[in-house]
Number of protein chains: 2
Amino acid sequence: MTEASQIDRRSGVPLYLQIKQILATEIEAEGAGAGAMTEQTLTERFHVSRATVRQALHELVQDGLVYRERSKGTFPVQRMDFERPATLQVGGLVGYLADLGMNPSSEVSDVHRAVPPREVADGLGLEAEETVLIFTRRIFANGQPLSLARVYLRSPSDFLPTPTELESAGSAIELLERAHGVRVARSEHRVWASAASAQEASALAIAEGDPVLVLETVMRTREGRPVIWRRLADHADTIKHTFISDI
Amino acid sequence: MTEASQIDRRSGVPLYLQIKQILATEIEAEGAGAGAMTEQTLTERFHVSRATVRQALHELVQDGLVYRERSKGTFPVQRMDFERPATLQVGGLVGYLADLGMNPSSEVSDVHRAVPPREVADGLGLEAEETVLIFTRRIFANGQPLSLARVYLRSPSDFLPTPTELESAGSAIELLERAHGVRVARSEHRVWASAASAQEASALAIAEGDPVLVLETVMRTREGRPVIWRRLADHADTIKHTFISDI
DNA sequence: CAGTGGTCTAGACCACGTA
DNA sequence: ACGTGGTCTAGACCACTGT
């Protein structure tokens, strides 16, 4: 199997992507057993230029699969069981819970357009009087409410989907992309603990003052234009957000 | 000032880094006013090859300062006030609070070496009976305890610094790097809300059952070797962690 | 059609670590 | 001395977008 993996120059798939994929698969299979890969051995193996190999290796570094050491070589990063990024896959919570067999469901309510609170308008950089799509979403697992989201979505003033459309879309982002071709490229998150307000407690079936996790997120297009402001209140001890940072 | 910025081929600083720095400064200064930068205009301006310009632009994309669109050009990302990454700059909380004029202080206690709990040993991938450095740190602002950290640090069995050394180091990572040349390259975080245990409540001067933010972190070297396991319990509504994610 | 970024080649010199 | 990754050059062809 090791020598079967070669690139196909007629496939139209960029060579560096094919090489990256092959190496990623080998690292996955052989674990840290896969020895050092040098640029020279790879250029010979795949019959490509050094720059092409370097582009593949550079992306593997970005993805955290290998690390490179000057005058030593390129080595696989020690195996770390690939967890699902859980809830940070924005809007992916339902699918994540489904994978866990938690029988998730989603309930969207209070869909309307209005001028948002000051804090949200600032975060989205709105013009005065500019309206946004506003809705509330609760996510349940096995019948228990786990997460309460309030979403403010910058969109054309005639954009007013039904609750059913929002529920079936899985996430507001997907709907926004399908409806207007707007792609979210970057998100900023702030997270802290708080005591549940009366409203939050009611929505999450807990007592007022019980702990909740608050997660505020601003999502932006690649142009840097903020398009979604979202505030989550999550059930304590149950919803755990995971993320990775360099350094 | 715009035309004064040129590269210095004798400085020893890589050309692409000089170009990146110049462009980043210009974007910072001119905001989105800085028009499109094309690869061709930049190669002519700096008298370097296209590959060098591309490396600079690619890093600016990674840093979120520009975005590129095929057959259109390279454009600055719309200004987003560069906040301090706050507490995700692992160990940087004290410095962050200092910047806010919060008069922070740090108190380290219970420094010893021992075999950690099962959960930690698993997270660090320890051998049986392998001991780690264990300590507790509290961070105060204006005399109020805000954050309680329990830290497990994989290190040679003769590594046993004093509480004073740990306090002055600012963070365990800095000490680890200075003492053993170990560099942390990647961290995995899990965060959720919880009710304060009796111990946590006492340490944070709150009531048992009050909300706290729990943040568990595993830090790894670039080889993927886990070296630090840390669990924070943070004061509700006060400590807010911020982070950024792509997608 | 001209201009853009995406991909690819075939070279070159260098700093650095290991043997 | 040798091999490594880091940097740099000067070309080439392509797909795509806007005119």
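All values below come from the heavy atoms of this structure, side chains included, with hydrogens, waters and symmetry mates left out. Letters A, B, ... mirror the listed sequences (proteins, then strands); counts begin at 1.
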Partner residues of A/Thr164 under the side chain to side chain donor-acceptor pair (under 3.5 Å) criterion, sequence neighbours left out
none

B/Leu42 has an atom CG; how far is it from atom C1' of C/dG3, in whole Å?
15 Å

Whole angstroms only, please: what is the CG-P distance between B/Leu57 and C/dT7?
14 Å

Of all residues at least two apart in sequence or in a different chain, which pass the side chain to side chain contact (heavy atoms under 4.5 Å, CB included) check with A/Gln21?
A/Thr25

With 3.5 Å as the limit, what N/O pairs link the protein to nucleotides 16-19 of chain D?
| unit_1 | atom_1 | unit_2 | atom_2 | d |
| --- | --- | --- | --- | --- |
| D/dT17 | O4' | B/Ser71 | OG | 2.7 |

Whole angstroms only, please: what is the NE2-C1' distance between A/His58 and D/dG6?
11 Å

Go through the structure and list residues passing ring pair (Phe, Tyr, Trp, His ring centres under 6.0 Å) with B/His58, not counting sequence neighbours.
A/His58

Would you mind reading off the distance between A/Gln55 atom CD and D/dG6 atom C1', rounded to a whole angstrom?
16 Å

In whole angstrom, give the distance that lies between atom NZ of A/Lys20 and atom P of C/dC8.
13 Å

Rounding to an integer number of Å, can you tell me how far A/Ile7 CD1 sits from C/dT7 C1'?
13 Å

To the nearest Å, how far apart are B/Phe75 CZ and C/dT4 P?
10 Å

Can you find a heavy atom in the side chain of B/Thr38 that is under 4.5 Å from one in the side chain of B/Thr74?
no

Check this one for me: any side-chain N or O of A/Tyr16 less than 4.0 Å away from OP1 or OP2 of C/dT7?
yes

Could I get the full list of side chain to side chain contact (heavy atoms under 4.5 Å, CB included) partners for B/Leu160, not counting sequence neighbours?
B/Val111, B/Arg113, B/Leu133

Are any non-hydrogen side-chain atoms of B/Arg154 and B/Val182 less than 4.5 angstrom apart?
no

For B/Val61, enumerate each residue passing the side chain to side chain contact (heavy atoms under 4.5 Å, CB included) test, keeping only those at least two apart in sequence or located in another chain.
B/Val66, B/Arg68

Suppose we screen for side chain to side chain contact (heavy atoms under 4.5 Å, CB included). Which residues come up paired with B/Arg231, at least two apart in sequence or across chains?
B/Trp192, B/Glu200, B/Val214, B/Glu216, B/Trp229

Report yes if at least one side-chain N or O of B/Gln40 is closer than 4.0 Å to OP1 or OP2 of C/dT4; otherwise report no.
yes

Can you tabulate the close N/O pairs, meaning under 3.5 Å, that link protein atoms to atoms of nucleotides 9-13 of chain D?
| unit_1 | atom_1 | unit_2 | atom_2 | d |
| --- | --- | --- | --- | --- |
| D/dT9 | OP1 | B/Arg9 | NH2 | 2.4 |
| D/dT9 | OP2 | B/Ser49 | N | 2.8 |
| D/dT9 | OP2 | B/Ser49 | OG | 3.1 |
| D/dT9 | OP2 | B/Thr52 | OG1 | 2.7 |
| D/dA12 | N6 | B/Arg50 | NH1 | 2.8 |

Rounded to whole Å, please give me the gap between CZ in B/Phe46 and P in D/dT7.
17 Å

Taking the axis from the first five pairs and the axis from the last five, what angle separates them in the helix from C/dC1-D/dG18 to C/dT18-D/dA1, rounded to 10 degrees?
0°

Not counting sequence neighbours, list each pair that qualifies as a ring-ring contact (aromatic ring centres under 6.0 Å, His included) and has a residue in residues 111-132 of chain A.
none

Applying salt bridge (charged side-chain N to carboxylate O under 4.0 Å, His left out) as the test, list every pair that has at least one member in residues 157-173 of chain A; sequence neighbours left out.
none

Any residue meeting ring pair (Phe, Tyr, Trp, His ring centres under 6.0 Å) with B/Phe46, in chain and number order, not counting sequence neighbours
none

How about A/Glu26 and A/Ser5: does a side-chain donor come under 3.5 Å of a side-chain acceptor?
no

From the options C/dG6, D/dT7, D/dG6, select the nucleotide whose nearest atom is closest to the side chain of B/Arg54.
C/dG6

Ignoring backbone atoms, test whether A/Thr74 places a side-chain nitrogen or oxygen under 4.0 Å from the OP1 or OP2 oxygen of D/dG5.
yes

Between A/Val13 and B/Met37, which has a closest nucleotide on DNA chain C that is more 5'?
B/Met37

